[in-house]
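Comments concern the structure below.
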Amino acid sequence: MIWRMVIGLSVARALLQNGGVRRLQRKEIVYAVTTKVQTISSSEEARIRIKSIVQGDIDIGEEVMIKGWAKTVRAQKSLGFMEVHDGSSFSGLQCVFEGEELLSTLKNTSTGTAVSVIGELKESQGKQSRELKAKAIEIIGECTKEYPLQKKRHSLEFLRSIAHLRPRTNTIGAVARIRSTLAQATHSFFHDQGFKYVHSPIVTASDCEGAGEMFRVTSLSGDALIEATKNDDFIQDFFARSAYLTVSGQLSAEAYACALGDVYTFGPTFRAENSQTTRHLAEFWMIEPELAFANAKTARRNAQNLLKSTVASVLKENADDIAFCDKFYANNQLIPRLERLADPSLDFLEIPYAQAIKLLQQEIAKDPSKWKFPHVQFGTDLATEHERWLAETYSNNNCVFVYDYPRSIKSFYMRDNDDDLQTVAAFDLLCPGVGELIGGSQREERLDKLEAKMIEFGLDPNDYWWYLDLRRFGSVPHAGYGVGFDRLVAYVTAQENIRDVIPFPRVPGNADF
């Protein structure tokens with residue numbers, strides 16, 4: 001590919017008129033890529049995002065150009081109105097049209113049309129503080145009458161069937177902006193804490209969780225695939241062995257933590273679990289930090305700080321989006337809940353798993369009929385109703401860490417506690433309204449203990465030779481945790497169905513778009 005820069009004739013003339021010495025303005029420079037030449041015109045530079053206007057960055061009386069999509073259009077005899085959204089903020093900008101020519105164009109504009117409007121910024125007499133007195137309008141992209149997002153409220157279920165258009169709605173647009181802020185805030189938090197960002201592989205031969213619910217990656221087909229599966233022999237496959245889509249980047253993060261100190265991964269993970277619940281996806285995003293020279297308590301403190309920092313960023317940067325979610329999806333309980341969570345002076349509670357079981361047993365005994373899962377004992381994997389009771393009732397709507405879980409219900413890599421061989425140094429963070437949001441542990445750094453545990457859990461240590469090497473060559477205590485990013489987005493936006501917080505959800509029986 002050849003890159004070249006061409007100076008236009010008008011610029012050349014200007015240079016000659018000024019003795020050949022003048023700093024070129026950006027709009028006067030023409031860039032060329034291969035044979036296609038594109039001019040950066042002054043109109044493109046002049047485009048102003050609506051967010052800058054509604055938050056007061058542009059002075060009243062300024063002439064501006066906005067570009068976006070028509071949300072509502074009203075054309076009367078001598079006056080017309082159009083609300084334009086460009087996705088930069090929850091609010092759109094009302095444009096006011098007068099004059100025969102402008103109104104004629106407006107009458108041919110429908111909801112969903114992509115437009116460019118130039119006008120003077122005025123104080124508004126309506127609900128908005130500002131509006132645009134239009135001087136010119138250009139139809140960039142027409143919208144046919146079949147456009148499915150007309151001015152009415154659509155069900156979230158219907159919007160899932162048009163996932164390519166649903167970000168234009170108030171709900172999914174707000175969720176998308178909040179998701180973006182949470183992602184950026186996550187990276188900022190770890191950067192400020194001195195963590196290094198690691199890109200863990202998506203294709204793996206390791207089952208981090210030992211659950212066996214993984215998507216196979218293969219280039220084989222037909223009889224060759226049948227034979228390889230039957231004999232569990234994939235030597236002829238692309239990777240010359242069984243390969244899968246990863247369920248976690250944790251093992252890779254551990255390797256880099258044992259060299260760079262504190263690291264984190266943040267990327268897509270996959271689980272082939274045939275679940276149609278509102279809390280599960282086949283493709284989902286995980287934030288997975290790993291801290292060297294650390295124990296489970298250190299990891300819990302880091303998890304608390306991460307959550308407080310990211311939620312505080314959303315409250316600051318997405319006030320309108322959060323207010324909308326609070327009003328329409330949380331009965332005005334979302335903002336107080338998030339403000340309480342983000343309060344830097346309020347630590348999350350902590351209780352051992354054994355104590356949590358005793359508390360639940362006492363509560364359930366009062367009226368077992370109120371519970372879907374009334375039988376709770378040491379070794380029970382807590383259900384969502386148990387988690388929410390601990391976070392909402394027992395903890396008075398505060399987040400709570402439950403730690404020291406039974407080793408029988410946790411993964412092989414979690415460190416056995418020295419003072420209680422029935423438990424491991426694992427923890428879950430339970431939050432009001434959702435239940436489990438974060439899960440983590442101190443990792444088993446002792447080679448003999450880890451090898452014995454792999455065999456106990458039915459894993460072949462030879463498949464994890466490189467993971468065991470970390471224990472042979474300068475092993476250190478280390479700990480980490482995983483945040484289900486989509487669950488975090490659902491929690492912050494008060495969305496009940498996790499399919500509504502990821503752009504294109506992948507679930508059993510559905511991989512559209």
Side-chain angles (χ1 to χ4, degrees), residues 10 27-28 36-154 158-159 162 164-174 176-177 320 324:
S10 61
K27 64 185 178 182
E28 297 173 323
K36 294 182 178 179
V37 178
Q38 178 181 358
T39 302
I40 301 179
S41 67
S42 58
S43 64
E44 287 173 327
E45 288 202 21
R47 179 201 165 199
I48 300 296
R49 287 186 173 86
I50 290 174
K51 181 178 181 179
S52 299
I53 296 174
V54 298
Q55 66 186 14
D57 294 341
I58 311 298
D59 294 333
I60 296 294
E62 288 286 322
E63 183 174 288
V64 299
M65 170 188 288
I66 63 170
K67 294 184 179 183
W69 294 267
K71 195 72 171 283
T72 60
V73 179
R74 290 180 293 137
Q76 302 170 357
K77 186 175 181 181
S78 59
L79 201 62
F81 303 91
M82 177 169 59
E83 185 179 358
V84 178
H85 284 244
D86 66 0
S88 62
S89 65
F90 181 81
S91 301
L93 183 66
Q94 178 171 269
C95 302
V96 182
F97 296 83
E98 289 184 283
E100 183 177 342
E101 185 176 349
L102 289 176
L103 287 172
S104 176
T105 303
L106 186 66
K107 290 175 181 178
N108 292 317
T109 304
S110 59
T111 297
T113 300
V115 298
S116 173
V117 182
I118 297 175
E120 182 182 349
L121 201 57
K122 299 278 191 180
E123 291 185 356
S124 176
Q125 303 300 316
K127 295 180 180 180
Q128 290 185 325
S129 61
R130 297 168 166 222
E131 62 186 22
L132 193 66
K133 179 66 181 304
K135 295 181 179 180
I137 179 174
E138 177 187 356
I139 305 300
I140 298 175
E142 295 182 350
C143 188
T144 67
K145 62 182 180 180
E146 291 81 18
Y147 184 58
L149 296 175
Q150 298 302 321
K151 191 180 177 182
K152 64 178 182 178
R153 191 168 184 178
H154 302 280
F158 167 72
L159 293 179
I162 52 169
H164 59 306
L165 297 175
R166 67 176 183 167
R168 301 187 190 187
T169 65
N170 285 337
T171 296
I172 306 303
R177 284 184 292 271
D320 289 345
F324 171 82

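In this text, all values refer to a predicted model and were calculated from it rather than measured experimentally. Residue indices begin at 1 and follow the sequence shown.
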Ignoring hydrogens and geometry, is there a side-chain-to-backbone donor-acceptor pair from S52 to D57 under 3.5 Å? no
Measure the [atom1]-[atom2] distance between [X] and [Y] for me, rounded to the nearest 0.5 Å.
X: L132; Y: E62; atom1: CG; atom2: CD; value: 12.0 Å
X: I60; Y: I53; atom1: CD1; atom2: CD1; value: 9.5 Å
X: L103; Y: K77; atom1: CG; atom2: NZ; value: 12.0 Å
X: E100; Y: T105; atom1: CD; atom2: OG1; value: 10.5 Å
X: K135; Y: I118; atom1: NZ; atom2: CD1; value: 9.5 Å
X: L159; Y: I172; atom1: CG; atom2: CD1; value: 6.0 Å

List the atom of [X], the atom of [Y], and the distance in Å for their closest heavy-atom pair.
X: C95; Y: V117; value: SG-CG1, 4.2 Å
X: L106; Y: A75; value: CD2-CB, 4.1 Å
X: S124; Y: Q128; value: CB-O, 3.0 Å
X: S89; Y: V54; value: OG-CG2, 4.0 Å
X: L93; Y: I66; value: CD2-CD1, 4.0 Å
X: R177; Y: F90; value: NH2-CA, 3.3 Å

**R49, CZ: over 12 other non-hydrogen atoms inside 6.0 angstrom** = no
Margin query: Are there over 12 heavy-atom neighbours, none belonging to E142, within less than 6.0 Å of that residue's CD?
Written below: no
Between [X] and [Y], is any pair of side-chain heavy atoms under 4.5 Å apart?
X: L102; Y: I137; value: yes
X: E98; Y: L79; value: yes
X: C143; Y: W69; value: no
X: I162; Y: H154; value: no
X: V96; Y: K122; value: no
X: V115; Y: I139; value: yes
X: K151; Y: T111; value: no

Tell me, with the steps shown, if T171 and F324 meet side-chain contact (heavy atoms from CB on, under 4.5 Å).
CA-CA 8 Å; T171 296; F324 171 82; 3.4 Å; yes
Residues passing the side-chain hydrogen bond (donor to acceptor under 3.5 Å, both in side chains) test with Q94, sequence neighbours excluded, are E131
query: Are K67 and E138 ion-paired here, with the side-chain N under 4.0 Å from a carboxylate O?
result: no
Given the options R153, H85, K71, N170 meets side-chain hydrogen bond (donor to acceptor under 3.5 Å, both in side chains) only with K71
